[in-house]
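I have placed the structure first, in the form of structure tokens, so that the comments after it can refer back to it.
Just so you know, ligand 1 is whichever comes first in the structure, and atom 1 is the first atom listed for that ligand.
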Amino acid sequence: MELHQLTDNVYYFQTSVNIGYVQFTEKTGMLIDAGLEDQTMKKVLKKLDEKGLPLTHLFITHAHADHYGGAAYLQKNRQVYTIAPGFESAILQEPMLEPLYLFHGTNPIPEWRNKFLEGKPIHVDLELKGEGVVERGEIQFRTIALPGHSYHQFGVMTNDILFAADAYFGKDIIHKHGIPYIVDAHLTLETLEKIKKLPCKGAVPGHGSYETDFLETIEENIKVHHQIEAMLFTLITGESAGVPFEQLVTKACTQKGITIRNVTSFMLFRTAVTAYLTKLMKEQKVSFQIRDNQLVVESSFE
Ligand SMILES: [Zn+2]
């Protein structure tokens with residue numbers, strides 16, 4: 001885990017999931033996200049202590065376990081005032097909601113409740129409704145609503161640096177994922193267009209590296225989303241009787257060279273594929289139909 005310094009008072013810990021850090025004053029500082037588990041947080045705290053950097057606040061961008069799994073350990077060991085977007089806060093306080101929604105509301109069996117889907121619950125002191133400036137005593141920063149990858153994801157902007165959470169991925173990473181996890185393709189693309197216009201001098205994605213010239217990476221993300229959408233549309237229009245939904249998930253993953261290795265991973269791809277389909281549905285290009293007791297995706301064109 002490497003600690004990179006971006007400005008006088010802005011840093012990030014580069015790991016498989018990046019963790020941001022902002023020092024506001026001599027005595028106040030905030031982490032942006034908390035990593036996957038206790039072990040990650042232990043390393044972060046050790047490094048902050050070594051450097052004499054204060055830690056008084058925690059901001060969680062969205063309720064995915066790889067971003068908040070280390071937060072329970074932090075809250076147990078340090079006094080941190082925790083801030084998160086409202087809807088995400090509901091999941092941070094009741095993390096079983098994630099395996100529950102991925103498995104269609106079925107009470108999840110233990111193997112579906114693994115550390116990648118469900119972190120330990122944390123408390124949230126301040127639940128944010130809309131984006132904007134957060135000001136509390138000595139701390140001040142701006143939140144940017146970045147929905148699409150998760151329902152109520154917020155990024156943080158401070159000292160002209162954007163912590164973009166999972167609104168976009170580093171180039172290698174988005175290609176490695178094949179089909180990135182999103183919950184809404186329309187919002188994902190809107191969010192990417194929004195980031196392009198933000199007045200910042202550099203950005204840190206949740207997965208990838210800090211870049212000053214990040215527009216190219218954003219364009220690559222946009223291209224990938226459009227390609228997946230087009231691929232799904234072609235798969236659907238190629239079958240006059242439509243494609244059974246689960247078969248479409250399989251076909252899309254196979255075409256992208258993905259090997260699904262476990263049940264929870266299938267559910268994540270299933271959600272992402274659905275998120276592209278709902279965009280196509282809103283544009284009245286495809287629809288869900290029931291045929292012979294099967295959920296089928298059909299083209300809306302003759
Ligand atoms: Zn995420």
Side-chain angles (χ1 to χ4, degrees), residues 12-20 31-37 40-41 58-72 83-102 112-122 124 128 143-156 162-185 187-192 194-195 203-210 217-218 221 224-225 228 258 264-276:
Y12 81 105
F13 293 89
Q14 189 164 24
T15 70
S16 56
V17 187
N18 294 325
I19 299 172
L31 280 177
I32 300 161
D33 286 337
L36 176 67
E37 50 199 337
T40 324
M41 188 47 63
L58 168 67
F59 185 91
I60 300 290
T61 59
H62 66 296
H64 286 167
D66 55 339
H67 291 253
Y68 77 86
I83 308 167
F87 200 86
E88 304 293 329
S89 298
I91 301 167
L92 295 172
Q93 293 169 86
E94 295 288 354
M96 200 259 257
L97 283 168
E98 184 174 346
L100 186 75
Y101 67 63
L102 279 174
W112 299 343
R113 301 184 61 179
N114 60 58
K115 69 176 179 185
F116 299 102
L117 293 190
E118 182 181 345
K120 295 185 192 103
I122 60 167
V124 178
L128 301 174
T143 63
I144 314 282
L146 303 171
H149 166 77
S150 82
Y151 185 74
H152 203 182
Q153 172 175 261
F154 274 11
V156 168
L162 171 70
F163 286 93
D166 291 351
Y168 75 91
F169 298 97
K171 278 188 206 162
D172 297 354
I173 291 159
I174 194 158
H175 288 294
K176 202 178 88 192
H177 286 188
I179 300 176
Y181 183 81
I182 57 168
V183 300
D184 188 315
L187 289 175
T188 297
L189 287 163
E190 259 186 17
T191 284
L192 289 168
K194 179 178 181 178
I195 292 176
V204 185
H207 308 265
S209 298
Y210 170 74
T217 306
I218 302 284
N221 275 252
V224 167
H225 292 302
I228 295 166
I258 296 163
T264 52
S265 174
F266 181 87
M267 293 318 222
L268 292 164
F269 283 115
R270 181 188 174 283
T271 299
V273 167
T274 313
Y276 290 100

Original post:
Has D172 got more than 12 heavy atoms of other residues, nucleotides or ligands less than 6.0 Å from its CG?
Top reply: no
Original post:
Under 30°, 30 to 60°, or over 60°: which ring-plane class applies to F87 and Y151, parallel, tilted or perpendicular?
Top reply: tilted
Subject >> N, O or S atoms of the protein lying under 2.8 Å from the Zn ion (ligand 1) >> reply: H62 NE2, H64 ND1, H149 NE2, D166 OD2
**OP:** Count the heavy atoms belonging to other residues, nucleotides or ligands that lie under 6.0 Å from CD of E190, then report whether that count exceeds 12.
**Re:** yes
Subject >> Min side-chain heavy-atom separation D166-H67 under 4.5 Å >> reply: yes
Original post:
More than 12 heavy atoms of other residues, nucleotides or ligands under 6.0 Å from OH of Y101: is that the case?
Top reply: yes
Subject >> Q93 (side chain) donor-acceptor with S89 (main chain) under 3.5 angstrom >> reply: yes
